[in-house]
Number of protein chains: 2
Amino acid sequence: MTDTDSSPTLERKRGSGVKMVYDLLRDEILDLVLPPGSPIDEVQLAERFKMSRTPIREALVRLAGEGLIDTLPNRSTMVSSIDFLNMHTFFDALVLMYRVTTRLAAQHHRAEDLQIIRARQAEFAAAVQAQDALAMIATNAAFHSAIAEAGRNAYFIGLFNRLLDEGRRMLRLYYQSYGDQLPQRFVDEHEDMITVISARDVEAADQLAKVHAEQIVTQIKRLFTRDERLDIAL
Amino acid sequence: MTDTDSSPTLERKRGSGVKMVYDLLRDEILDLVLPPGSPIDEVQLAERFKMSRTPIREALVRLAGEGLIDTLPNRSTMVSSIDFLNMHTFFDALVLMYRVTTRLAAQHHRAEDLQIIRARQAEFAAAVQAQDALAMIATNAAFHSAIAEAGRNAYFIGLFNRLLDEGRRMLRLYYQSYGDQLPQRFVDEHEDMITVISARDVEAADQLAKVHAEQIVTQIKRLFTRDERLDIAL
DNA sequence: TGTATTTTATTTGTCGACAAGAAATCGACA
DNA sequence: TGTCGATTTCTTGTCGACAAATAAAATACA
(Lines give C-alpha, C1' and ligand atoms only; values in the text may rest on other atoms or scores of the structure.)
Protein backbone atom coordinates (compact mmCIF):
# COMPACT_ATOMS: atom_id res chain seq x y z
CA MET A 1 0.00 0.00 0.00
CA THR A 2 2.96 2.31 0.50
CA ASP A 3 4.74 1.61 -2.78
CA THR A 4 4.94 4.07 -5.63
CA ASP A 5 1.68 2.66 -6.91
CA SER A 6 0.09 3.60 -10.22
CA SER A 7 0.52 7.25 -11.12
CA PRO A 8 4.09 8.58 -10.88
CA THR A 9 3.66 12.31 -11.32
CA LEU A 10 -0.08 12.48 -10.91
CA GLU A 11 -1.49 15.85 -11.88
CA ARG A 12 -4.79 16.54 -10.26
CA LYS A 13 -7.11 19.23 -11.43
CA ARG A 14 -7.15 22.09 -9.01
CA GLY A 15 -10.37 21.68 -7.10
CA SER A 16 -10.89 17.97 -7.61
CA GLY A 17 -8.84 16.69 -4.71
CA VAL A 18 -11.28 17.56 -1.97
CA LYS A 19 -14.24 16.21 -3.89
CA MET A 20 -12.43 12.98 -4.60
CA VAL A 21 -11.49 12.33 -1.00
CA TYR A 22 -14.89 13.53 0.18
CA ASP A 23 -16.76 11.21 -2.15
CA LEU A 24 -14.56 8.23 -1.44
CA LEU A 25 -14.53 8.71 2.29
CA ARG A 26 -18.28 9.17 2.25
CA ASP A 27 -18.78 5.96 0.34
CA GLU A 28 -16.43 4.06 2.60
CA ILE A 29 -18.31 5.30 5.65
CA LEU A 30 -21.75 4.50 4.24
CA ASP A 31 -20.62 1.07 3.05
CA LEU A 32 -19.11 0.37 6.46
CA VAL A 33 -15.71 -0.14 4.92
CA LEU A 34 -14.96 2.34 7.66
CA PRO A 35 -17.19 1.13 10.47
CA PRO A 36 -18.39 3.48 13.21
CA GLY A 37 -15.56 4.39 15.53
CA SER A 38 -12.85 4.00 12.92
CA PRO A 39 -10.11 6.55 13.45
CA ILE A 40 -9.59 9.05 10.67
CA ASP A 41 -5.97 10.06 10.42
CA GLU A 42 -5.32 13.17 8.39
CA VAL A 43 -1.67 12.55 7.60
CA GLN A 44 -2.39 8.95 6.71
CA LEU A 45 -5.03 10.10 4.24
CA ALA A 46 -2.66 12.77 3.00
CA GLU A 47 0.01 10.31 2.00
CA ARG A 48 -2.60 7.86 0.74
CA PHE A 49 -3.89 10.43 -1.73
CA LYS A 50 -0.49 12.04 -2.18
CA MET A 51 -1.66 15.49 -1.29
CA SER A 52 -1.33 17.98 1.52
CA ARG A 53 -3.38 17.84 4.68
CA THR A 54 -5.25 21.01 3.74
CA PRO A 55 -7.65 19.54 1.16
CA ILE A 56 -8.05 16.45 3.33
CA ARG A 57 -9.06 18.70 6.15
CA GLU A 58 -11.65 20.49 4.05
CA ALA A 59 -13.23 17.20 3.10
CA LEU A 60 -13.34 16.18 6.76
CA VAL A 61 -14.98 19.45 7.74
CA ARG A 62 -17.68 18.78 5.19
CA LEU A 63 -18.22 15.25 6.40
CA ALA A 64 -18.39 16.50 9.96
CA GLY A 65 -21.03 18.98 8.84
CA GLU A 66 -23.15 16.09 7.64
CA GLY A 67 -22.61 14.23 10.89
CA LEU A 68 -20.74 11.36 9.28
CA ILE A 69 -17.63 11.88 11.38
CA ASP A 70 -17.10 13.23 14.88
CA THR A 71 -14.20 15.49 15.73
CA LEU A 72 -12.74 15.52 19.20
CA PRO A 73 -11.01 18.90 19.52
CA ASN A 74 -7.23 18.66 19.55
CA ARG A 75 -7.45 14.94 19.86
CA SER A 76 -8.82 12.71 17.18
CA THR A 77 -11.56 12.34 14.62
CA MET A 78 -13.46 9.15 13.91
CA VAL A 79 -16.43 7.80 12.03
CA SER A 80 -19.61 8.70 13.90
CA SER A 81 -21.48 5.93 15.62
CA ILE A 82 -24.92 4.77 14.62
CA ASP A 83 -27.40 5.95 17.20
CA PHE A 84 -29.46 2.89 17.97
CA LEU A 85 -30.86 4.40 21.12
CA ASN A 86 -32.74 7.06 19.19
CA MET A 87 -33.56 4.86 16.27
CA HIS A 88 -37.27 5.60 16.66
CA THR A 89 -36.63 9.25 15.81
CA PHE A 90 -34.94 8.07 12.65
CA PHE A 91 -37.95 5.96 11.75
CA ASP A 92 -40.35 8.79 12.47
CA ALA A 93 -38.47 11.07 10.15
CA LEU A 94 -38.02 8.41 7.52
CA VAL A 95 -41.71 7.52 7.32
CA LEU A 96 -42.72 11.15 7.15
CA MET A 97 -40.24 11.91 4.39
CA TYR A 98 -41.32 8.86 2.44
CA ARG A 99 -44.87 10.15 2.54
CA VAL A 100 -44.13 13.79 1.84
CA THR A 101 -41.75 13.21 -1.04
CA THR A 102 -44.08 10.71 -2.70
CA ARG A 103 -46.97 13.11 -2.30
CA LEU A 104 -45.04 15.95 -3.86
CA ALA A 105 -43.82 13.73 -6.66
CA ALA A 106 -47.42 12.92 -7.53
CA GLN A 107 -48.13 16.63 -7.58
CA HIS A 108 -45.14 18.12 -9.34
CA HIS A 109 -43.43 15.44 -11.39
CA ARG A 110 -42.72 15.93 -15.07
CA ALA A 111 -42.33 13.41 -17.83
CA GLU A 112 -38.57 13.22 -17.57
CA ASP A 113 -38.79 12.51 -13.85
CA LEU A 114 -40.79 9.36 -14.47
CA GLN A 115 -38.16 8.10 -16.88
CA ILE A 116 -35.50 8.43 -14.21
CA ILE A 117 -37.71 6.84 -11.57
CA ARG A 118 -38.48 3.91 -13.83
CA ALA A 119 -34.81 3.45 -14.58
CA ARG A 120 -34.05 3.30 -10.84
CA GLN A 121 -36.87 0.85 -10.34
CA ALA A 122 -35.45 -1.36 -13.07
CA GLU A 123 -32.09 -1.34 -11.33
CA PHE A 124 -33.74 -2.21 -8.05
CA ALA A 125 -35.68 -5.07 -9.64
CA ALA A 126 -32.45 -6.36 -11.16
CA ALA A 127 -30.76 -6.28 -7.78
CA VAL A 128 -33.61 -8.23 -6.24
CA GLN A 129 -33.49 -10.70 -9.09
CA ALA A 130 -29.75 -11.13 -8.58
CA GLN A 131 -30.24 -11.47 -4.82
CA ASP A 132 -27.54 -8.83 -4.40
CA ALA A 133 -28.42 -7.43 -0.99
CA LEU A 134 -26.02 -4.50 -1.08
CA ALA A 135 -27.19 -3.50 -4.53
CA MET A 136 -30.76 -3.67 -3.26
CA ILE A 137 -29.98 -1.20 -0.52
CA ALA A 138 -28.29 1.22 -2.88
CA THR A 139 -30.83 1.00 -5.70
CA ASN A 140 -33.77 1.20 -3.34
CA ALA A 141 -32.37 4.40 -1.88
CA ALA A 142 -31.73 5.73 -5.38
CA PHE A 143 -35.30 4.94 -6.37
CA HIS A 144 -36.82 6.89 -3.53
CA SER A 145 -34.29 9.67 -3.91
CA ALA A 146 -35.41 10.02 -7.53
CA ILE A 147 -38.99 10.31 -6.36
CA ALA A 148 -37.97 13.01 -3.93
CA GLU A 149 -36.21 14.88 -6.72
CA ALA A 150 -39.42 14.80 -8.73
CA GLY A 151 -41.15 16.43 -5.77
CA ARG A 152 -38.84 19.44 -6.23
CA ASN A 153 -38.59 20.56 -2.64
CA ALA A 154 -34.92 21.07 -1.81
CA TYR A 155 -35.54 21.03 1.93
CA PHE A 156 -37.26 17.67 1.89
CA ILE A 157 -34.76 16.30 -0.61
CA GLY A 158 -31.92 17.27 1.70
CA LEU A 159 -33.35 15.68 4.79
CA PHE A 160 -34.51 12.61 2.94
CA ASN A 161 -31.14 11.94 1.37
CA ARG A 162 -29.58 12.30 4.75
CA LEU A 163 -31.97 9.77 6.18
CA LEU A 164 -31.37 7.39 3.31
CA ASP A 165 -27.65 7.63 3.95
CA GLU A 166 -28.10 6.79 7.60
CA GLY A 167 -30.41 3.95 6.66
CA ARG A 168 -27.82 2.68 4.23
CA ARG A 169 -25.38 2.31 7.10
CA MET A 170 -27.87 0.53 9.33
CA LEU A 171 -29.02 -1.85 6.63
CA ARG A 172 -25.49 -2.60 5.59
CA LEU A 173 -24.76 -3.53 9.16
CA TYR A 174 -27.54 -6.04 8.99
CA TYR A 175 -26.93 -7.43 5.56
CA GLN A 176 -23.31 -8.10 6.14
CA SER A 177 -24.16 -10.17 9.18
CA TYR A 178 -26.76 -12.24 7.40
CA GLY A 179 -27.37 -13.10 3.80
CA ASP A 180 -31.01 -12.24 3.70
CA GLN A 181 -32.82 -10.59 0.83
CA LEU A 182 -35.56 -8.07 0.60
CA PRO A 183 -38.80 -9.59 -0.62
CA GLN A 184 -40.13 -9.34 -4.11
CA ARG A 185 -43.06 -7.53 -2.57
CA PHE A 186 -41.11 -4.29 -2.48
CA VAL A 187 -40.67 -4.44 -6.22
CA ASP A 188 -44.40 -4.66 -6.71
CA GLU A 189 -45.07 -1.84 -4.30
CA HIS A 190 -42.60 0.31 -6.15
CA GLU A 191 -44.51 -0.39 -9.34
CA ASP A 192 -47.73 0.67 -7.65
CA MET A 193 -46.09 3.86 -6.48
CA ILE A 194 -44.98 4.70 -10.00
CA THR A 195 -48.52 4.12 -11.19
CA VAL A 196 -50.20 6.44 -8.71
CA ILE A 197 -47.49 9.08 -9.12
CA SER A 198 -47.92 9.18 -12.87
CA ALA A 199 -51.69 9.28 -12.34
CA ARG A 200 -51.10 12.28 -10.04
CA ASP A 201 -53.22 10.62 -7.37
CA VAL A 202 -51.83 12.43 -4.37
CA GLU A 203 -53.79 10.70 -1.64
CA ALA A 204 -53.13 7.25 -3.03
CA ALA A 205 -49.43 8.10 -3.29
CA ASP A 206 -49.41 9.20 0.31
CA GLN A 207 -51.16 6.08 1.50
CA LEU A 208 -48.90 3.81 -0.52
CA ALA A 209 -45.79 5.52 0.74
CA LYS A 210 -47.08 5.22 4.28
CA VAL A 211 -47.63 1.48 4.23
CA HIS A 212 -44.46 0.96 2.24
CA ALA A 213 -42.37 2.90 4.71
CA GLU A 214 -43.95 1.40 7.78
CA GLN A 215 -43.45 -2.04 6.39
CA ILE A 216 -39.77 -1.38 5.90
CA VAL A 217 -39.52 0.10 9.37
CA THR A 218 -41.21 -2.82 11.08
CA GLN A 219 -39.01 -5.23 9.19
CA ILE A 220 -35.86 -3.41 10.21
CA LYS A 221 -37.11 -3.15 13.77
CA ARG A 222 -37.74 -6.86 13.87
CA LEU A 223 -34.27 -7.57 12.59
CA PHE A 224 -32.63 -5.38 15.18
CA THR A 225 -34.70 -6.29 18.19
CA ARG A 226 -34.28 -10.02 17.73
CA ASP A 227 -30.55 -9.63 17.38
CA GLU A 228 -28.84 -8.54 20.56
CA ARG A 229 -25.40 -8.73 19.06
CA LEU A 230 -25.95 -5.37 17.46
CA ASP A 231 -26.05 -3.70 20.84
CA ILE A 232 -22.31 -3.93 21.11
CA ALA A 233 -21.87 -1.79 18.02
CA LEU A 234 -23.42 1.12 19.81
CA MET B 1 -9.04 49.84 11.30
CA THR B 2 -5.46 48.85 10.53
CA ASP B 3 -3.87 50.29 13.65
CA THR B 4 -2.65 48.17 16.52
CA ASP B 5 -6.15 48.34 17.95
CA SER B 6 -7.14 46.92 21.31
CA SER B 7 -5.32 43.68 21.97
CA PRO B 8 -1.59 43.85 21.30
CA THR B 9 -0.60 40.21 21.48
CA LEU B 10 -4.04 38.69 21.41
CA GLU B 11 -3.87 35.06 22.39
CA ARG B 12 -6.78 33.07 21.06
CA LYS B 13 -7.61 29.67 22.39
CA ARG B 14 -6.64 27.05 19.91
CA GLY B 15 -9.91 26.02 18.35
CA SER B 16 -11.92 29.12 19.05
CA GLY B 17 -10.99 31.12 15.99
CA VAL B 18 -13.09 29.20 13.52
CA LYS B 19 -16.10 29.17 15.79
CA MET B 20 -15.84 32.88 16.37
CA VAL B 21 -15.70 33.78 12.71
CA TYR B 22 -18.34 31.17 11.89
CA ASP B 23 -20.78 32.48 14.48
CA LEU B 24 -20.21 36.10 13.63
CA LEU B 25 -20.41 35.60 9.90
CA ARG B 26 -23.53 33.52 10.33
CA ASP B 27 -25.20 36.21 12.39
CA GLU B 28 -24.22 38.90 9.93
CA ILE B 29 -25.69 36.88 7.10
CA LEU B 30 -28.94 36.09 8.88
CA ASP B 31 -29.33 39.70 10.04
CA LEU B 32 -28.69 40.89 6.50
CA VAL B 33 -25.72 42.93 7.65
CA LEU B 34 -24.25 40.96 4.81
CA PRO B 35 -27.09 40.99 2.28
CA PRO B 36 -27.39 38.30 -0.38
CA GLY B 37 -24.73 38.69 -3.01
CA SER B 38 -22.20 40.30 -0.71
CA PRO B 39 -18.67 39.23 -1.61
CA ILE B 40 -16.79 37.27 1.02
CA ASP B 41 -13.08 37.99 0.85
CA GLU B 42 -10.90 35.52 2.70
CA VAL B 43 -7.82 37.69 3.08
CA GLN B 44 -9.94 40.63 4.16
CA LEU B 45 -11.51 38.49 6.87
CA ALA B 46 -8.09 37.15 7.76
CA GLU B 47 -6.67 40.56 8.54
CA ARG B 48 -9.92 41.64 10.15
CA PHE B 49 -9.66 38.82 12.67
CA LYS B 50 -5.88 38.87 12.69
CA MET B 51 -5.51 35.24 11.84
CA SER B 52 -4.45 33.11 8.94
CA ARG B 53 -6.67 32.25 6.02
CA THR B 54 -6.84 28.62 7.07
CA PRO B 55 -9.34 28.95 9.94
CA ILE B 56 -11.30 31.49 7.91
CA ARG B 57 -11.53 28.95 5.16
CA GLU B 58 -12.81 26.26 7.49
CA ALA B 59 -15.56 28.55 8.71
CA LEU B 60 -16.52 29.32 5.12
CA VAL B 61 -16.65 25.64 4.22
CA ARG B 62 -19.05 25.11 7.09
CA LEU B 63 -21.24 28.01 6.05
CA ALA B 64 -21.25 26.71 2.50
CA GLY B 65 -22.35 23.35 3.84
CA GLU B 66 -25.38 25.02 5.33
CA GLY B 67 -26.09 26.85 2.12
CA LEU B 68 -25.53 30.28 3.58
CA ILE B 69 -22.78 31.16 1.13
CA ASP B 70 -22.10 30.10 -2.43
CA THR B 71 -18.61 29.34 -3.65
CA LEU B 72 -17.69 29.86 -7.27
CA PRO B 73 -14.68 27.58 -7.85
CA ASN B 74 -11.44 29.47 -8.31
CA ARG B 75 -13.31 32.70 -8.50
CA SER B 76 -15.21 34.17 -5.62
CA THR B 77 -17.54 33.37 -2.77
CA MET B 78 -20.55 35.37 -1.75
CA VAL B 79 -23.60 35.33 0.47
CA SER B 80 -26.22 33.07 -1.07
CA SER B 81 -29.31 34.66 -2.50
CA ILE B 82 -32.77 34.17 -1.10
CA ASP B 83 -34.72 31.93 -3.43
CA PHE B 84 -38.00 33.74 -3.89
CA LEU B 85 -38.91 31.68 -6.92
CA ASN B 86 -39.18 28.51 -4.87
CA MET B 87 -40.60 30.18 -1.82
CA HIS B 88 -43.58 27.85 -1.84
CA THR B 89 -41.29 24.89 -1.16
CA PHE B 90 -40.00 26.78 1.83
CA PHE B 91 -43.51 27.34 3.08
CA ASP B 92 -44.46 23.71 2.57
CA ALA B 93 -41.52 22.58 4.61
CA LEU B 94 -42.05 25.22 7.25
CA VAL B 95 -45.69 24.36 7.85
CA LEU B 96 -44.95 20.67 8.04
CA MET B 97 -42.12 21.19 10.50
CA TYR B 98 -44.26 23.46 12.61
CA ARG B 99 -46.83 20.70 12.86
CA VAL B 100 -44.46 17.81 13.38
CA THR B 101 -42.32 19.47 16.02
CA THR B 102 -45.33 20.69 17.98
CA ARG B 103 -46.85 17.22 17.82
CA LEU B 104 -43.69 15.61 19.10
CA ALA B 105 -43.34 18.22 21.81
CA ALA B 106 -46.80 17.33 23.06
CA GLN B 107 -45.75 13.70 23.11
CA HIS B 108 -42.24 13.77 24.50
CA HIS B 109 -41.74 16.99 26.42
CA ARG B 110 -40.51 16.97 30.01
CA ALA B 111 -41.04 19.46 32.77
CA GLU B 112 -37.80 21.33 32.13
CA ASP B 113 -38.71 21.77 28.47
CA LEU B 114 -41.84 23.69 29.36
CA GLN B 115 -39.84 26.05 31.51
CA ILE B 116 -37.60 26.91 28.58
CA ILE B 117 -40.55 27.25 26.22
CA ARG B 118 -42.34 29.56 28.62
CA ALA B 119 -39.21 31.66 28.99
CA ARG B 120 -38.99 32.03 25.21
CA GLN B 121 -42.64 32.93 25.04
CA ALA B 122 -42.11 35.62 27.66
CA GLU B 123 -39.31 37.07 25.58
CA PHE B 124 -41.51 37.02 22.52
CA ALA B 125 -44.35 38.74 24.35
CA ALA B 126 -41.93 41.38 25.57
CA ALA B 127 -40.72 41.99 22.04
CA VAL B 128 -44.30 42.39 20.83
CA GLN B 129 -45.02 44.73 23.70
CA ALA B 130 -41.97 46.80 22.84
CA GLN B 131 -42.92 46.75 19.14
CA ASP B 132 -39.37 45.63 18.39
CA ALA B 133 -39.84 43.89 15.06
CA LEU B 134 -36.39 42.36 14.84
CA ALA B 135 -36.62 41.03 18.37
CA MET B 136 -39.99 39.53 17.47
CA ILE B 137 -38.45 37.61 14.62
CA ALA B 138 -35.63 36.29 16.75
CA THR B 139 -37.70 35.42 19.81
CA ASN B 140 -40.45 33.84 17.75
CA ALA B 141 -37.89 31.59 16.08
CA ALA B 142 -36.37 30.78 19.47
CA PHE B 143 -39.79 29.89 20.84
CA HIS B 144 -40.55 27.39 18.13
CA SER B 145 -37.01 26.09 18.20
CA ALA B 146 -37.47 25.34 21.90
CA ILE B 147 -40.65 23.43 21.09
CA ALA B 148 -38.75 21.43 18.50
CA GLU B 149 -36.07 20.62 21.07
CA ALA B 150 -38.75 19.30 23.39
CA GLY B 151 -39.83 16.98 20.59
CA ARG B 152 -36.40 15.34 20.74
CA ASN B 153 -36.02 14.39 17.11
CA ALA B 154 -32.62 15.55 15.90
CA TYR B 155 -33.58 15.21 12.24
CA PHE B 156 -36.61 17.45 12.54
CA ILE B 157 -34.75 19.85 14.79
CA GLY B 158 -32.03 20.21 12.20
CA LEU B 159 -34.34 20.91 9.29
CA PHE B 160 -36.57 23.17 11.33
CA ASN B 161 -33.72 25.34 12.57
CA ARG B 162 -32.51 25.62 9.03
CA LEU B 163 -35.92 26.78 7.91
CA LEU B 164 -36.16 29.24 10.77
CA ASP B 165 -32.81 30.69 9.73
CA GLU B 166 -33.96 31.13 6.18
CA GLY B 167 -37.18 32.66 7.42
CA ARG B 168 -35.20 35.01 9.58
CA ARG B 169 -33.50 36.37 6.49
CA MET B 170 -36.73 36.77 4.58
CA LEU B 171 -38.55 38.45 7.43
CA ARG B 172 -35.64 40.72 8.11
CA LEU B 173 -35.77 41.79 4.52
CA TYR B 174 -39.36 42.80 5.04
CA TYR B 175 -39.11 44.39 8.43
CA GLN B 176 -36.25 46.63 7.50
CA SER B 177 -38.27 48.03 4.67
CA TYR B 178 -41.34 48.72 6.73
CA GLY B 179 -41.94 49.28 10.40
CA ASP B 180 -44.78 46.89 10.82
CA GLN B 181 -45.37 44.67 13.81
CA LEU B 182 -46.66 41.19 14.26
CA PRO B 183 -50.08 41.12 15.83
CA GLN B 184 -50.78 40.37 19.44
CA ARG B 185 -52.72 37.39 18.16
CA PHE B 186 -49.53 35.39 17.79
CA VAL B 187 -48.81 35.81 21.47
CA ASP B 188 -52.19 34.34 22.35
CA GLU B 189 -51.73 31.45 19.94
CA HIS B 190 -48.39 30.72 21.49
CA GLU B 191 -50.06 30.55 24.87
CA ASP B 192 -52.60 28.11 23.49
CA MET B 193 -49.83 25.98 22.08
CA ILE B 194 -48.11 25.83 25.45
CA THR B 195 -51.38 24.77 27.01
CA VAL B 196 -52.07 21.89 24.66
CA ILE B 197 -48.44 20.77 24.74
CA SER B 198 -48.39 20.58 28.51
CA ALA B 199 -51.73 18.76 28.37
CA ARG B 200 -50.10 16.31 25.94
CA ASP B 201 -53.00 16.76 23.55
CA VAL B 202 -51.26 15.68 20.38
CA GLU B 203 -54.06 16.29 17.92
CA ALA B 204 -54.90 19.69 19.31
CA ALA B 205 -51.21 20.61 19.17
CA ASP B 206 -51.05 19.54 15.56
CA GLN B 207 -54.13 21.51 14.64
CA LEU B 208 -52.96 24.61 16.46
CA ALA B 209 -49.55 24.45 14.84
CA LYS B 210 -51.20 24.04 11.47
CA VAL B 211 -53.37 27.13 11.65
CA HIS B 212 -50.59 29.10 13.32
CA ALA B 213 -48.12 28.23 10.61
CA GLU B 214 -50.51 28.77 7.75
CA GLN B 215 -51.48 32.08 9.16
CA ILE B 216 -47.88 33.20 9.27
CA VAL B 217 -47.32 31.90 5.77
CA THR B 218 -50.31 33.70 4.30
CA GLN B 219 -49.27 36.89 6.00
CA ILE B 220 -45.75 36.67 4.63
CA LYS B 221 -47.08 35.78 1.23
CA ARG B 222 -49.33 38.81 1.27
CA LEU B 223 -46.44 41.03 2.22
CA PHE B 224 -44.26 39.78 -0.58
CA THR B 225 -46.83 39.57 -3.34
CA ARG B 226 -48.08 43.10 -2.83
CA ASP B 227 -44.59 44.47 -2.89
CA GLU B 228 -42.91 44.20 -6.25
CA ARG B 229 -39.81 45.96 -5.10
CA LEU B 230 -38.62 42.78 -3.51
CA ASP B 231 -38.35 41.13 -6.88
CA ILE B 232 -35.16 43.00 -7.56
CA ALA B 233 -33.48 41.34 -4.63
CA LEU B 234 -33.77 38.03 -6.36
C1' DT C 1 -13.17 52.56 -33.60
C1' DG C 2 -14.02 47.80 -32.66
C1' DT C 3 -12.20 43.25 -31.85
C1' DA C 4 -8.85 39.75 -30.75
C1' DT C 5 -4.78 38.72 -28.02
C1' DT C 6 -1.45 39.26 -24.64
C1' DT C 7 -0.37 40.90 -20.07
C1' DT C 8 -1.38 42.02 -15.46
C1' DA C 9 -3.79 41.52 -11.22
C1' DT C 10 -6.62 39.42 -7.93
C1' DT C 11 -8.41 35.52 -5.59
C1' DT C 12 -8.52 30.88 -4.59
C1' DG C 13 -6.35 26.18 -3.79
C1' DT C 14 -2.42 23.75 -2.11
C1' DC C 15 1.79 23.00 0.23
C1' DG C 16 5.36 22.22 3.88
C1' DA C 17 6.49 23.49 8.41
C1' DC C 18 5.79 24.72 13.09
C1' DA C 19 3.34 25.04 17.56
C1' DA C 20 -0.20 23.73 20.89
C1' DG C 21 -2.88 20.29 23.28
C1' DA C 22 -3.75 15.91 25.02
C1' DA C 23 -2.69 11.13 25.69
C1' DA C 24 0.75 7.69 26.45
C1' DT C 25 5.11 6.51 28.32
C1' DC C 26 8.59 6.62 31.52
C1' DG C 27 10.65 7.35 35.91
C1' DA C 28 11.04 8.85 40.73
C1' DC C 29 9.54 8.02 45.16
C1' DA C 30 6.99 6.09 48.93
C1' DT D 1 4.45 -2.48 43.93
C1' DG D 2 1.52 1.45 43.31
C1' DT D 3 0.94 6.31 42.52
C1' DC D 4 2.09 10.78 41.18
C1' DG D 5 4.59 13.77 38.17
C1' DA D 6 7.60 14.84 34.26
C1' DT D 7 8.65 13.78 29.58
C1' DT D 8 7.85 12.12 25.21
C1' DT D 9 4.96 11.28 21.35
C1' DC D 10 1.32 11.80 18.39
C1' DT D 11 -2.37 14.40 16.30
C1' DT D 12 -4.49 18.50 15.35
C1' DG D 13 -4.70 23.65 14.52
C1' DT D 14 -2.44 27.52 12.50
C1' DC D 15 0.71 29.96 9.72
C1' DG D 16 3.14 32.16 5.72
C1' DA D 17 4.23 31.38 1.09
C1' DC D 18 3.65 29.75 -3.55
C1' DA D 19 1.04 28.17 -7.73
C1' DA D 20 -3.01 27.83 -10.55
C1' DA D 21 -7.16 29.73 -12.47
C1' DT D 22 -9.91 33.31 -13.67
C1' DA D 23 -11.17 38.10 -14.55
C1' DA D 24 -9.71 42.61 -15.76
C1' DA D 25 -6.70 45.61 -18.18
C1' DA D 26 -3.74 46.81 -21.68
C1' DT D 27 -2.04 46.34 -26.20
C1' DA D 28 -1.95 45.13 -31.13
C1' DC D 29 -4.27 45.00 -35.30
C1' DA D 30 -7.74 45.64 -38.88
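Heavy atoms only: backbone and side chains are in, while hydrogens, waters and symmetry mates are out. What you are looking at is a predicted structure, and each value in this text was computed from that prediction instead of being measured. All chains are named by letter (A, B, ...) in the order of the sequence lines, taking the proteins before the strands, and each is independently numbered beginning at 1.
Residue-level contact check: B/Val43 touches neither bases nor backbone, having no heavy atom under 4.0 Å from any strand.
Here chain A contacts DNA chain D (any atom closer than 4.0 Å to a heavy atom, that is under 4.0 Å), and the contacts span D/dT11 to D/dA21 from 5' to 3'.
For DNA chain C, the neighbouring residues in residues 51-62 of chain A, judged by any heavy atom under 4.0 Å, are A/Met51, A/Ser52, A/Arg53, A/Thr54, A/Pro55.
Comparing B/Pro73 and A/Glu42 by the nucleotide of DNA chain D whose heavy atom lies nearest to each, the residue mapping closer to the 5' end is A/Glu42. Both A/Val18 and A/Asn74 sit near DNA chain C, but only A/Val18 has its closest nucleotide nearer the 5' end.
Salt bridge A/Arg118/A/Glu112: absent, no basic N to carboxylate O contact under 4.0 Å.
Considering only heavy atoms from C-beta on, B/Leu96 comes within 4.5 Å of A/Leu96 through its side chain. B/Asp70 is not listed as a side-chain neighbour of B/Thr77, based on a closest heavy-atom distance of 4.5 Å or more.
Both tests hold for B/Arg62 against B/Tyr22: distance to the six-membered ring centre under 6.0 Å, angle to the ring axis within 45°.
Rounded to the nearest 0.5 angstrom, B/Phe156 CZ and B/Glu149 CD are separated by 14.0 Å. Here the CG-CG distance, from B/Leu104 to A/Asp92, works out to 6.0 Å after rounding to the nearest 0.5 Å. The CD atom of A/Glu42 sits 4.5 Å away from atom CZ of A/Arg53, with the distance rounded to the nearest 0.5 Å.
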Side-chain donor-acceptor distances from residues 157-171 of chain B under 3.5 Å, at least two apart:
{"residue": "B/Asn161", "atom": "OD1", "partner": "B/Ser145", "partner atom": "OG", "Å": "2.8"}
{"residue": "B/Asn161", "atom": "ND2", "partner": "B/Ile157", "partner atom": "O", "Å": "3.3"}
{"residue": "B/Arg162", "atom": "NH2", "partner": "B/Glu66", "partner atom": "O", "Å": "3.4"}
{"residue": "B/Asp165", "atom": "OD1", "partner": "B/Arg26", "partner atom": "NH2", "Å": "3.3"}
{"residue": "B/Asp165", "atom": "OD2", "partner": "B/Arg26", "partner atom": "NH2", "Å": "2.3"}
{"residue": "B/Arg168", "atom": "NH2", "partner": "B/Asp31", "partner atom": "OD1", "Å": "3.0"}
{"residue": "B/Arg169", "atom": "NH1", "partner": "B/Ser80", "partner atom": "O", "Å": "3.0"}
{"residue": "B/Arg169", "atom": "NH2", "partner": "B/Ser80", "partner atom": "O", "Å": "3.1"}
{"residue": "B/Arg169", "atom": "NH2", "partner": "B/Ser80", "partner atom": "OG", "Å": "3.3"}

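For A/Arg75, no side-chain nitrogen or oxygen approaches OP1 or OP2 of C/dG21 to under 4.0 Å.
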